[in-house]
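Each chain gets a letter, A, B and so on, in the order the sequences are listed, and its residues count up from 1.
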4 protein chains.
Amino acid sequence: MLRLSRFLPSTSRRVCDLKEVFWSGSLTFEHALSTSAANYDENASAKKFANYTVFKGKAALSISPILPVFSKPESGGSRVNRNGSVMLTFFPAVGQRKYDFTKKQLFALSPTEVGSLISLGAAESCEFFHDPSMKSSHEGQVKKSLSITPLGNDNGYFLNISVMNNVEKTNERMSVPVTKAEFAVMRTALSFALPHIMGWDQALTCHPQSPSAPASRPRVERPNPDSEWDR
Amino acid sequence: MLRLSRFLPSTSRRVCDLKEVFWSGSLTFEHALSTSAANYDENASAKKFANYTVFKGKAALSISPILPVFSKPESGGSRVNRNGSVMLTFFPAVGQRKYDFTKKQLFALSPTEVGSLISLGAAESCEFFHDPSMKSSHEGQVKKSLSITPLGNDNGYFLNISVMNNVEKTNERMSVPVTKAEFAVMRTALSFALPHIMGWDQALTCHPQSPSAPASRPRVERPNPDSEWDR
Amino acid sequence: MLRLSRFLPSTSRRVCDLKEVFWSGSLTFEHALSTSAANYDENASAKKFANYTVFKGKAALSISPILPVFSKPESGGSRVNRNGSVMLTFFPAVGQRKYDFTKKQLFALSPTEVGSLISLGAAESCEFFHDPSMKSSHEGQVKKSLSITPLGNDNGYFLNISVMNNVEKTNERMSVPVTKAEFAVMRTALSFALPHIMGWDQALTCHPQSPSAPASRPRVERPNPDSEWDR
Amino acid sequence: MLRLSRFLPSTSRRVCDLKEVFWSGSLTFEHALSTSAANYDENASAKKFANYTVFKGKAALSISPILPVFSKPESGGSRVNRNGSVMLTFFPAVGQRKYDFTKKQLFALSPTEVGSLISLGAAESCEFFHDPSMKSSHEGQVKKSLSITPLGNDNGYFLNISVMNNVEKTNERMSVPVTKAEFAVMRTALSFALPHIMGWDQALTCHPQSPSAPASRPRVERPNPDSEWDR
């Protein structure tokens, strides 16, 4: 069932169920899922995937959270080994309500880049650059950029990705207009995700029992490693 | 016990315990609950329902979150099969503190429509249209619309539902004034609900063990499917 | 250890550990805890209590969340039987750093009243009235009011409680100035608490298994009771 | 892989993976972790640590949440024995991309100080003072202060720590410029952490079963200790 919303501007604005769109013949999201899962442990079936996707006239954009990875537990505990991120996936339209997922371009937002996005004012822009070969001999060969620019009149933003490959001499660009309402969803979802991709939810909800900490324990005898007065 | 709040405008403003109101003879919410549960599995008794309801002179409005549905787990994991929503239920007053739940009208907000509502400015309006028969031969026969319009002076909003049935030639309308405080509750509850109805909470709190990811694992050997540099 | 914060206005501003203050001879919070627990089930030891308390020159104010109560699970599930609330506890100073908890006055904020508080603008006020005997022969005998008024210059708010007893001809009043920073803590804690006291967290995190909902299930055959198109 | 972000001002702005930086010879975070863990129970391996760290030209700043401690459960339940906090750790640069963690200075933000930070306006400042020997004979010997001052033009803030030791006649200062995006991360992470360091998450998600509270229970017979009308 299609929902038409008057609150959206006049550019193509349909937000459809991902499954319906992909069923019309493009490579499905499930295909990508099984390919990536091929090499990983049986625990992978416990994983859950969610995204928020907007489909527009020229391209679609899907955002999805990626969990952080904690180190193996040691005697002192475990800590974040690799931050999570928010993955942006752009893929182009190849016809009416047809999108080609094989031509996707990815951009993984770090926690700080998520911070930029959620604090973006109505008339503000921001831009991020990623180079996979920074500080190596291949630096500058492939460069990705993501920019977020206002649509105007507080109507939302353009999200633009550009992938320049100086070796193959290619430059792929995709642009997706995001309405004010859709950006509000992204801002809320990213604000929710941010503490999780940083691992703060796990740090704050892991409550080890403290049997050796009775209410009458004198405060001087055992120095608290958490105290700001220890060096 | 009734609570009178000076912060509310002068239209009828009582927010009463749902149970007290329904006890006076209208069809109860419990009745609706058991009817809908008749066809579903024994797991249904584990489900929990919560809502936020405001009762006004001409009608009442109840909002309630609906969970998303994930697909059956496969080797690669499971993904959102159907988004959740926030269900708005309008039902008319039929006397003093008496409301008729059998005459209810429903409107299910999608994530993007929730985004519209939570980002609504003090003097802004928005409007959504639902047609269950879009793109079929019955298109246009039944049409629902929900509009949110300011009361004025930053005092809150009218929430208005209209259901036009061109076959039966009926047009049912209900309108509920919502105070600034009540809308703050809705905005907060919907902002909380949004990541959940999109399944992001489940995607971000499902932490599979990673026994094969020691701190010293070299980064080159195993390509990370989550990497933005894989195509 | 006392923390002096320059960000607070010049009225008495110490925020001390609750335990240190009560240890100097006033009735302790623990006393109140055990009294109230006397009549209740053994499950009570699993309960956890948390509060946020500010101590000022003339009185102190403690805020604490109260969980909602769900009905016993039936075949269709369980629903909120009684909303939770946020309890405000005012108690007067009886000397330097000495407070008398036996003279406390309570005010339980409903979800809508919490909505008022969290949406209060810098120069705005709000006021709530509670009468336990509304609509009965004792109506008007005891009346409580809570008002929140700006300190001025975006410096915070006065929180004022007044308890009028027309039978005993008494009128107890207490007023606590809350700084901008302390109110930011209250606003954040109350915004966090609101979906929980409404039971929305439990409604949104209770994920019954759906073995009977495979990815290929045809959408037409089983009407979804959650659909906005069922009446 | 280094990410260059155009949204950051022109001062040194690299946000690197903590592990890469420490591997170049400074004392590692892990060292501090194991030292502090030496005296504590085997439960410590269950603990999880997460932080958000920004590395700038002269110093780095790491923020990390610290859980509250609840008392041992008694018949009435358990309550917060010691509030959690947010630990700020400043440590100086000693060369390009080299930081010396042994010279760190700590500052633990209380819930109210977190409230100051998250409500800080774009052009506002705040300052906190900590003295470990307040009200004792050593008062005034060691004093720490943390100040947050705007960079200007809504570009972010300086976070400055100063540790004065009047006995050793030393005054150590460190200053870290934090961009608007990085401060948005801190604001979001701290807003998320605040209810947790106050223990409100545990108070609101601990749901004891209420077998003795059927839907038909008369309200008068058992006084509710949570009622605002009990004294």
Side-chain angles (χ1 to χ4, degrees), chain B residues 1-7 15 17 19 29-30 33-37 39-52 54 64-67 69-72 81 84-85 87 104-108 130 132 142 144 179-189 192-193 196-197 201-202, chain C residues 68 70-71 73-83 110-119 121 125-135 145 147 191-192 194-195 198-215 222-231:
Chain B
M1 175 194 315
L2 228 56
R3 289 180 166 71
L4 215 69
S5 170
R6 276 282 159 87
F7 195 61
V15 177
D17 177 50
K19 202 158 189 297
F29 198 62
E30 285 91 336
L33 204 70
S34 52
T35 306
S36 60
N39 297 334
Y40 294 85
D41 21 321
E42 47 287 345
N43 268 333
S45 61
K47 281 202 77 171
K48 289 188 170 176
F49 295 92
N51 66 77
Y52 177 65
V54 295
S64 187
I66 312 271
L67 281 169
V69 175
F70 275 78
S71 60
K72 270 188 75 170
N81 210 20
S85 63
M87 187 65 77
K104 69 186 186 286
Q105 293 288 353
L106 307 179
F107 200 94
H130 288 182
V142 178
K144 282 190 191 181
T179 68
K180 182 178 171 184
E182 291 162 346
F183 199 79
V185 175
M186 293 182 178
R187 214 193 285 264
T188 302
F192 172 83
H196 293 80
I197 69 176
D201 62 321
Q202 298 194 54
Chain C
F70 276 77
S71 61
E74 299 168 23
S75 61
S78 66
R79 69 178 191 91
V80 173
N81 210 20
R82 190 175 69 222
N83 262 331
S110 68
T112 302
E113 290 163 346
V114 170
S116 277
L117 194 148
I118 64 179
S119 61
S125 302
C126 62
E127 194 170 13
F128 313 120
F129 296 90
H130 288 181
D131 180 344
S133 315
M134 182 80 71
K135 299 269 176 214
S145 79
S147 68
S191 298
F192 172 84
L194 187 53
M198 293 163 61
W200 279 48
D201 62 321
Q202 298 194 50
L204 281 165
T205 52
C206 160
H207 307 294
Q209 299 294 351
S210 50
S212 51
R222 280 219 196 130
N224 183 344
D226 285 341
S227 166
E228 66 177 282
W229 300 104
D230 295 337
R231 292 211 49 188

State, to 0.1 Å, how close [X] and [Y] come at their nearest heavy-atom pair, and which atoms those are.
X: C:Gly77; Y: B:Phe49; answer: CA-CE1, 4.4 Å
X: C:Gly115; Y: B:Ala184; answer: O-CB, 3.4 Å
X: C:Leu194; Y: B:Val185; answer: CD2-CA, 3.9 Å
X: B:Ala189; Y: C:Met198; answer: CB-CE, 4.0 Å

Partner residues of C:Phe192 under the ring-ring contact (aromatic ring centres under 6.0 Å, His included) criterion, sequence neighbours left out: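 Result, ring-ring contact (aromatic ring centres under 6.0 Å, His included) vs C:Phe192: C:His196, D:His196.
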Residue pair C:Val80 / B:Asn51, side-chain heavy-atom distance below 4.5 Å: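 Sidechains of B:Asn51 and C:Val80: no contact.
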Answer whether the closest heavy-atom distance between the side chains of C:Leu204 and B:Asp201 falls below 4.5 Å.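 No - every pair of side-chain heavy atoms lies 4.5 Å or more apart.
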Could you give the distance from OG (C:Ser119) to CD (B:Glu182), rounded to the nearest 0.5 Å?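 Spacing of OG (C:Ser119) from CD (B:Glu182) equals 11.0 Å.
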Rounded distance (nearest 0.5 Å) linking atom OG of C:Ser75 with atom NZ of B:Lys47: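 So the OG of C:Ser75 and the NZ of B:Lys47 are separated by 13.0 Å.
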What residue in C:Pro195, C:Pro73, C:Ser147 has the most heavy-atom pairs under 4.5 Å with chain B?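 Most heavy-atom pairs within the cutoff with chain B belong to C:Pro195.
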